[in-house]
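Here is the structure we will look at, set down as structure tokens.
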Amino acid sequence: MQYWLMKSEPDEVSIDDVMASPKQTTVWFGVRNYQARNFMRDQMQVGDGVLFYHSSCPEPGIAGLAQIVSTPYPDASQFDSNSKYYDPKATQETPRWISIDVQGTQKTRLLPLAEMRTIPALEDMVVLQKGSRLSITPVTAAQWKAIVKLLK
DNA sequence: GCCAACGTTGGC
DNA sequence: GCCAACGTTGGC
């Protein structure tokens with residue numbers, strides 16, 4: 001059991017979108033970074049906890065809690081020449097990118113990035129490190145616990 | 001829109 | 001395999 005922070009642009013998929021989906025479940029697609037992909041492929045397990053983070057928006061921060069509800073499978077958008085996520089080098093035989101299903105468990109108050117930076121228990125969070133851009137980053141159990149407490 | 005930081009590409 | 005050039009991310 002591990003914990004993750006996953007970034008989504010609310011213009012694309014917000015926590016409200018996830019909670020409004022059937023079974024509150026959404027397909028996580030479009031990851032085009034190898035490190036993030038490898039986390040999905042090699043480490044994520046069904047049941048892992050997810051901090052749902054809104055990025056590239058007026059108020060970036062954690063907007064909800066979620067969990068991983070599938071094992072990895074090929075990301076369909078890599079094969080779709082009409083998709084902005086199309087990857088001409090990917091083939092059905094040797095897919096390069098993967099998806100995973102994420103189920104929203106709770107929309108929370110927004111925990112803004114600016115507030116996260118003021119909390120000593122969170123100072124080592126990967127997402128808060130200078131230059132950190134990864135869309136999927138690991139979260140420790142202690143960090144998860146501290147955040148859940150803040151969101152109550 | 002700016003720009004720092006990081007990732008990827010491709011010539012050599 | 002190096003590294004310059006370019007592209008992307010994402011907060012501000």
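Computed over heavy atoms, backbone and side chain alike; hydrogens, waters and symmetry mates excluded. Below, chains carry the letters A, B, ... as their sequence lines are ordered, and counting in each starts from 1.
- Look at OH on A:Y53: it is 15 Å from P on C:dT9, rounded to the nearest Å.
- Note on ring orientation: taking the six-membered ring where Trp is involved, the planes of A:W97 and A:Y34 are tilted (angle from 30° to 60°).
- In this structure, the CD atom of A:E9 is 9 Å from the C1' atom of C:dT9, given to the nearest Å.
- When all heavy atoms are compared, the tightest approach of A:M1 to A:G47 is SD-O, 3.1 Å.
- A:V148 is connected to A:V127 through a chain of hydrophobic side-chain contacts under 4.5 Å among Ile, Leu, Val, Met, Phe, Trp and Tyr, so both are in one cluster.
- With rounding to whole Å, A:D87 atom CG is found 9 Å from B:dT9 atom P.
- A salt bridge is defined here as a Lys NZ or Arg NE, NH1 or NH2 lying under 4.0 Å from an Asp or Glu carboxylate O, and A:D87 with A:R32 fails to meet this definition.
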So which protein N/O to nucleotides 4-7 of chain B N/O distances come out below 3.5 Å?
{"unit_1": "B:dA5", "atom_1": "OP1", "unit_2": "A:K130", "atom_2": "NZ", "d": "2.7"}
{"unit_1": "B:dA5", "atom_1": "N3", "unit_2": "A:R133", "atom_2": "NH1", "d": "3.3"}
{"unit_1": "B:dC6", "atom_1": "O2", "unit_2": "A:R133", "atom_2": "NH1", "d": "2.8"}
{"unit_1": "B:dC6", "atom_1": "O2", "unit_2": "A:R133", "atom_2": "NH2", "d": "2.6"}
{"unit_1": "B:dG7", "atom_1": "O4'", "unit_2": "A:R133", "atom_2": "NH2", "d": "3.2"}

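- Rounded to a whole Å, the CZ atom of A:R96 is 7 Å from the P atom of B:dT9.
- Atom CE in A:M125 sits roughly 16 Å away from atom C1' in C:dG11 (whole-Å rounding).
- Grouping the Ile, Leu, Val, Met, Phe, Trp and Tyr side chains by contacts below 4.5 angstrom, directly or via other members, places A:L65 apart from A:V50.
- Of the side-chain N and O atoms in A:K7, one or more sit less than 4.0 angstrom from OP1 or OP2 of C:dG10.
- Heavy-atom neighbours of A:Q43 CD from other residues, nucleotides or ligands within 6.0 Å: above the threshold of 12.
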